[in-house]
Amino acid sequence: MRILGIETSADDTGIALIDAHGSFGGYFKFEVLANLVTTQSELHAKYGGIYPNVAKSEHAKNLPLLLTEVLNEAEKKQKGRTNIDAIAVTMGPGLEPCLWTGITFAQEWAKKWNVPIVPVNHMEGHIIISALAENGGRQIQFPMLSLLISGGHTDLILSRKWMEYEYIGRTRDDAVGEAFDKVARMLGLPYPGGPHISRLAEEARQTDRHRMSVILPRPMLHKKNFDFSFAGLKTAVRRIVEGKGSVTEEFKKLVAQEFEDAVTDVLVDKTSRAIEECGARTLVVGGGVSANTEIRSRLAKACADIGVTLVLPPVELATDNALMIALAGYFRALKREFSNPEQLRAQGNLKLAEGTSSFT
Ligand code: KG4
Ligand code: ZN
């Protein structure tokens, strides 16, 4: 099945085309015919976060250009084959004006090509791409725990089979990526801040003398549940930064390291306890923050100690892309979860439904 994926939930415009065969558990194979993303980070940098109306018009501008490029690339790879069997599009969660741009574009092309539309939950896309990118998911054993860490989410989700989800923990306020971005802004670093904090923290780690001179809280660490909270941590950084007056490069590094350590301590501790309590055999990590080197290596150590398989996304596929939407859409299309194009609606707060379908 050749399936086109469209992603416009935040500030990245993505279109991908895959050719996939088979299903979970047995034979499964996919070829990426094209996977293109146009990121708008620079445009949003001056707002310190995503400005929905700017993002929306950028998506509208980028989508037709990306589609032409994707189709050309795919045609070259598959020697003139041009058919598309279905269009997968993100219906949520995300910024509704942005989601609508992708949905409208999908509707337009579904009509032109006379193909069905598969609505996709963005978070399922993150899980599926992490789980399947490396070797088609053959290393996954159930129960599988997913830790989703992105700009809008911090969720722990248990799956007893493919595409079934049970939330066991989530953030009560800010998402972890949002906290990275806000702390970066306080330190005068560009948006999105995660990679910048990570780079500074790495530099600080290489000079040991800086250790321990900034101390931040580890929110919810000793609470027995699996929920997270990062708003207090962000406020603690604000107080320290405002108390300091002049923010030197050395100070930025110290704050970045302590902030990254605090976030990592909480994520690793809660996730390890959740693995043990749920008897999970695999941990899948997804979302933009799973590109973070420190979080990846600390989770790797924790999983090795517990004896569970850790599955991380390739760094370049951790942040938003349309390949993850095409892949998740493929499995939803196998279940014939098509949508009536006229009834398709953006759902900014879409959750992964517990049970067999994401959308019931
Ligand atoms: O999944 P994603 O691309 O978009 C959403 O669905 O939200 O995640 C974006 C988030 C941003 O907050 C960004 O700062 C964060 O992922 N991020 C990182 C790193 N790379 C991206 N956070 C920490 N360390 C990184 N290396
Ligand atoms: Zn995302």
Side-chain angles (χ1 to χ4, degrees), residues 5-14 16 35 37-42 44-45 47-50 52 55 59 90-96 98-99 102 120-130 146-155 157 170-171 174-187 189-203 205 230 233-234 256-257 259-264 266-267 284-299 312-325 327-328 348-350 352:
I6 300 176
E7 159 60 35
T8 62
S9 67
D11 61 341
D12 293 315
T13 321
N35 177 30
V37 179
T38 304
T39 179
Q40 309 171 9
S41 329
E42 270 179 32
H44 297 283
Y47 306 107
I50 305 172
H59 286 312
T90 308
M91 73 178 292
L95 300 167
E96 289 201 359
C98 298
L99 292 164
V120 171
N121 182 312
H122 179 89
M123 302 318 288
E124 181 167 70
H126 276 304
I127 295 178
I128 293 278
I129 191 116
S130 296
S146 299
L147 171 67
L148 293 180
I149 39 179
S150 70
H153 289 259
T154 309
D155 295 323
I157 297 167
R170 61 182 78 186
T171 183
D174 291 359
V176 64
E178 189 182 350
F180 265 98
D181 295 339
K182 287 178 176 167
V183 164
R185 196 175 183 197
M186 291 173 209
L187 298 177
L189 301 167
Y191 171 84
H196 298 282
I197 297 267
S198 172
R199 177 181 41 82
L200 288 184
E202 202 46 56
E203 286 172 24
R205 265 180 215 108
F230 295 105
L233 179 57
K234 173 192 73 187
Q257 183 197 349
F259 171 77
E260 192 175 74
D261 282 349
V263 165
T264 310
V266 177
L267 290 176
V284 170
V285 191
V289 183
S290 62
N292 183 280
T293 312
E294 182 67 9
I295 295 174
R296 289 169 84 95
S297 69
R298 293 268 311 274
L299 282 172
L312 293 164
V315 170
E316 67 282 6
L317 293 175
T319 47
D320 290 352
N321 60 80
L323 175 57
M324 69 190 212
I325 304 305
L327 264 180
N349 293 316
L350 186 67
L352 285 164

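Predicted model only: the values in this text are computed from it and were never measured. We number each residue from 1, following the sequence as shown. Just so you know, ligand 1 is whichever comes first in the structure, and atom 1 is the first atom listed for that ligand.
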Using side chain to side chain donor-acceptor pair (under 3.5 Å) as the criterion, list what pairs up with Thr293, not counting sequence neighbours.
none
Under a 4.0 Å heavy-atom limit, does Asp181 contact ligand 1 with its side chain, its backbone, both, or neither?
side chain
Just checking Phe259 against Phe180, ring centres under 6.0 Å apart?
yes
The protein heavy atom nearest to atom 20 (N) of ligand 1 is Gly288 O, 3.5 Å
In terms of side-chain geometry, is the basic nitrogen of Arg205 or Glu202 positioned less than 4.0 Å from the acidic oxygen of its partner?
yes
Starting from atom 24 (N) of ligand 1, what is the nearest protein heavy atom, named by residue and atom, and what distance separates them?
Asn292 ND2, 3.1 Å
Could you say whether the N/O atoms of Thr319 and ligand 1 ever approach to under 3.5 Å?
no
Top protein contact for atom 22 (N) of ligand 1, by heavy-atom distance:
Gly194 CA, 3.3 Å
Number of protein N/O/S atoms less than 2.8 Å from the Zn ion (ligand 2)?
3
Show me which atoms of ligand 1 lie under 4.0 Å from any heavy atom of Gly177.
12 (O)
Check: Ile149 main-chain N/O paired with Thr154 side-chain donor or acceptor under 3.5 Å:
no
Give the numbers and elements of all ligand 1 atoms closer than 4.0 Å to a heavy atom of Gly152.
7 (O)
Do side-chain atoms of Asp181 reach the backbone of Gly193 as a donor and acceptor pair under 3.5 angstrom?
yes
Can you sort out which atoms of ligand 1 are near His122, meaning under 4.0 Å from one of its heavy atoms?
6 (O)
Under 4.0 Å, heavy-atom basis, I'd like to know which part of His126 is in contact with ligand 1: side chain, backbone, both or neither.
side chain
Strictly distance-based, threshold 3.5 Å: is any side-chain N or O of Asp155 a donor or acceptor partner for the main-chain N or O of Ile157?
no
With no hydrogens and no angle check, just 3.5 Å: does a side-chain donor-acceptor pair link His59 and Thr13?
yes
For atom 3 (O) of ligand 1, grab the closest protein heavy atom and report residue, atom and distance to one decimal in Å.
Asp320 N, 2.9 Å
Answer yes or no: is there a donor N or O on one side and an acceptor on the other, between the side chain of Glu7 and the main chain of Ser9, under 3.5 Å?
yes
Taking atom 15 (C) of ligand 1 as the reference point, the nearest protein heavy atom with its distance:
Val289 CG2, 3.9 Å
State plainly whether the residues Lys234 and Glu178 are in salt-bridge range, i.e. N to O under 4.0 Å.
no
Would a distance-only check, ignoring hydrogens and angles, find a side-chain to backbone donor-acceptor pair under 3.5 Å from Asn321 to Thr319?
yes
Gap separating the CZ atom of Arg185 from the CD1 atom of Ile197, nearest 0.5 angstrom
13.5 Å
What residue and atom, counting heavy atoms only, is the protein's closest point to atom 7 (O) of ligand 1, and at what distance?
Gly151 N, 2.8 Å
Is ligand 1 less than 4.0 angstrom away from at least one heavy atom of Pro195?
yes
Pairwise distance CZ(Arg296) to CG(Leu312) - rounded to 0.5 angstrom:
4.5 Å
